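Below you'll find the structure, written out as structure tokens, and then a few comments.
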There are 2 protein chains.
Amino acid sequence: MIELAILGILKESNLHGYELKKHLRKVLGPLSNVSFGSLYPALARLEREGAVTIVESGPDAAPPMPMTGSLTGEAAAFRSRRRPTRGPRNRKVYGITPAGETRLVELMADPADDERSFGMKLAFFRWCDRPTRLRLLERRRASLLDRLEETRKAVAARDQDDPYVRALMEHDTESTMNDIAWIGRLIARETGDEGLDKETTGGHR
Amino acid sequence: MIELAILGILKESNLHGYELKKHLRKVLGPLSNVSFGSLYPALARLEREGAVTIVESGPDAAPPMPMTGSLTGEAAAFRSRRRPTRGPRNRKVYGITPAGETRLVELMADPADDERSFGMKLAFFRWCDRPTRLRLLERRRASLLDRLEETRKAVAARDQDDPYVRALMEHDTESTMNDIAWIGRLIARETGDEGLDKETTGGHR
DNA sequence: GGCCCAACATATCGGGCTGATATATCGAAC
DNA sequence: GTTCGATATATCAGCCCGATATGTTGGGCC
């Protein structure tokens with residue numbers, strides 16, 4: 001699933017591994033603390049597969065095509081800032097390829113649905129159309145409901161009631177219900193069409 | 001951390017791998033879905049280290065010492081139930097050793113503090129004395145506070161505000177605060193001794 | 001009886017992830 | 001001018017997961 005994160009970030013701007021990790025941390029926060037030990041191999045893998053390419057590399061590499069898609073002004077500024085008289089260090093700046101964009105769409109559709117995977121997908125929802133978003137949200141809700149059911153069954157079937165185990169399960173139930181309610185709100189926001197932070201076209205409150 | 005789970009379960013009763021997994025699922029619920037691919041190697045590892053021993057094995061093994069410490073009547077009953085005229089199948093029933101008990105204490109003190117590790121430790125709190133429990137709870141609270149702080153900083157430093165990323169972070173903040181409150185209640189229950197046995201908290205939302 | 005199927009039971013393997021470690025460059029402080 | 005911390009890439013051991021293999025046991029069914 002780290003590949004999803006890499007492609008999602010690279011879709012916005014070309015970056016090298018080290019920067020990638022920082023952006024990732026910024027976007028996903030504590031949800032995904034990617035380590036270098038998985039980041040670099042993943043980048044190598046993706047390059048082998050043709051999902052990303054090295055856009056700029058080594059000391060004083062010739063800057064290739066200025067844009068791959070529309071860069072935010074920030075990224076462009078950053079790129080120009082990075083141009084000291086002495087070339088950059090040993091960096092490999094990666095960019096996403098058309099094949100990579102395809103791969104990104106595939107990865108978004110991947111059935112993996114744990115907290116981490118879902119968090120990543122949500123972070124890149126802006127690249128999806130509404131039906132896809134709704135599909136992912138519904139699937140997440142379904143698996144949360146499954147989890148809720150399973151925990152409840154475990155609580156019910158419990159003979160020896162250790163207070164700590166009980167506390168653990170009750171908290172799990174509570175947290176899961178919170179998550180479900182949250183997903184519900186996201187779905188509502190998605191279906192209650194158009195902008196709802198501006199003029200409330202359809203809903204109250 | 002799977003070793004902690006194994007030892008914690010084995011401390012209660014001698015079991016073979018398959019049963020162990022079921023017990024684990026029951027105690028930890030969806031928090032720790034241990035797979036056989038990690039369970040059996042872990043058992044082999046623990047046996048190599050002398051933390052567990054094979055108490056009974058293969059078809060019609062002679063039943064060794066009836067008790068390793070005080071067994072709950074349930075476990076004893078279970079053990080006697082397991083004695084059909086035709087010996088059991090190819091099973092390896094494991095039991096914890098004194099070295100294993102020591103290892104269990106070490107593992108409880110381990111600094112790992114993610115949701116999974118903490119959940120496991122909490123599930124085995126009954127084996128700890130109160131100071132240890134409080135230490136673990138305080139540590140967990142501290143790391144949750146760190147996480148909260150980090151997420152808040154990320155939200156504040158955010159220039160481009162993607163609504164989905166924002167939703168993700170806000171939900172993370174909310175969940176973390178919930179967790180902190182929960183830990184707070186556990187600490188209170190631990191320090192506010194005796195007296196309050198039931199629901200003393202009118203849970204907010 | 002004879003048959004099949006689901007659950008029981010153990011084990012291994014590939015591939016991916018984490019944490020530790022190695023290596024080297026750059027900027028800035030001292 | 002050198003020490004130090006941030007930047008930057010990479011590899012390695014060890015562990016975990018999911019898939020897969022291999023067999024056993026018990027029960028339902030005709």
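This one's a predicted model, so the numbers in the text were calculated from it and none came from an experiment. Per chain, numbering begins at 1; letters A, B, ... match sequence-line order.
When side chains are defined from C-beta on, B/Val55 does not count as touching B/Tyr94, because their heavy atoms never get closer than 4.5 Å. Between A/Val155 and A/Glu170, the closest side-chain pair of non-hydrogen atoms is not below 4.5 Å. At a threshold of 4.5 Å between non-hydrogen side-chain atoms, the residues B/Arg126 and A/Val165 count as touching.
Remark: C1' of C/dC8 and CG of B/Leu15 are 15 Å apart, rounded to the nearest angstrom. For the pair A/Leu4 CG and C/dC17 P, the interatomic distance rounds to 12 Å; values are reported in whole Å. Atom NE2 of A/His23 is separated from atom P of D/dA8 by 11 Å (rounded to the nearest Å). For the pair B/Glu19 CD and C/dA7 C1', the interatomic distance rounds to 13 Å; values are reported in whole Å. In this structure, CZ of B/Arg48 is placed 12 Å from P of C/dA11, rounded to the nearest angstrom. Taking atom CZ of A/Arg25 as the reference point, atom C1' of D/dT7 lies 16 Å away to the nearest angstrom. Put simply, CG on A/Leu39 is 9 Å from P on D/dT9, counting in whole angstrom units. If you take CG of A/Asp114 and C1' of C/dC17, they are 13 Å apart, rounded to a whole angstrom.
Aromatic ring pairs are classed by plane angle as parallel below 30°, tilted from 30° to 60° and perpendicular above 60°; the pair B/Phe118 and B/Trp182 is perpendicular. Aromatic ring pairs are classed by plane angle as parallel below 30°, tilted from 30° to 60° and perpendicular above 60°; the pair A/Tyr164 and B/Phe125 is perpendicular.
Toward the 5′ end of DNA chain C lies the nearest nucleotide of B/Gly17, the other residue of the pair A/Asn33 and B/Gly17 mapping further downstream.
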Could you write out each protein N or O paired with an N or O of nucleotides 11-16 of chain D at a distance under 3.5 Å?
{"unit_1": "D/dC16", "atom_1": "OP2", "unit_2": "B/Arg45", "atom_2": "NH2", "d": "3.2"}

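For the OP1/OP2 pair of D/dA10 and a distance below 4.0 Å, the side-chain nitrogens and oxygens of A/Lys92 include at least one atom meeting the criterion. A close approach under 4.0 Å does occur between a side-chain nitrogen or oxygen of B/Lys22 and OP1 or OP2 of C/dC8.
Here the OG-CZ distance, from A/Ser117 to A/Arg140, works out to 9.0 Å after rounding to the nearest 0.5 Å.
Between the side chain of A/Thr97 and the backbone N or O of A/Gly50 there is at least one donor-acceptor pair closer than 3.5 Å.
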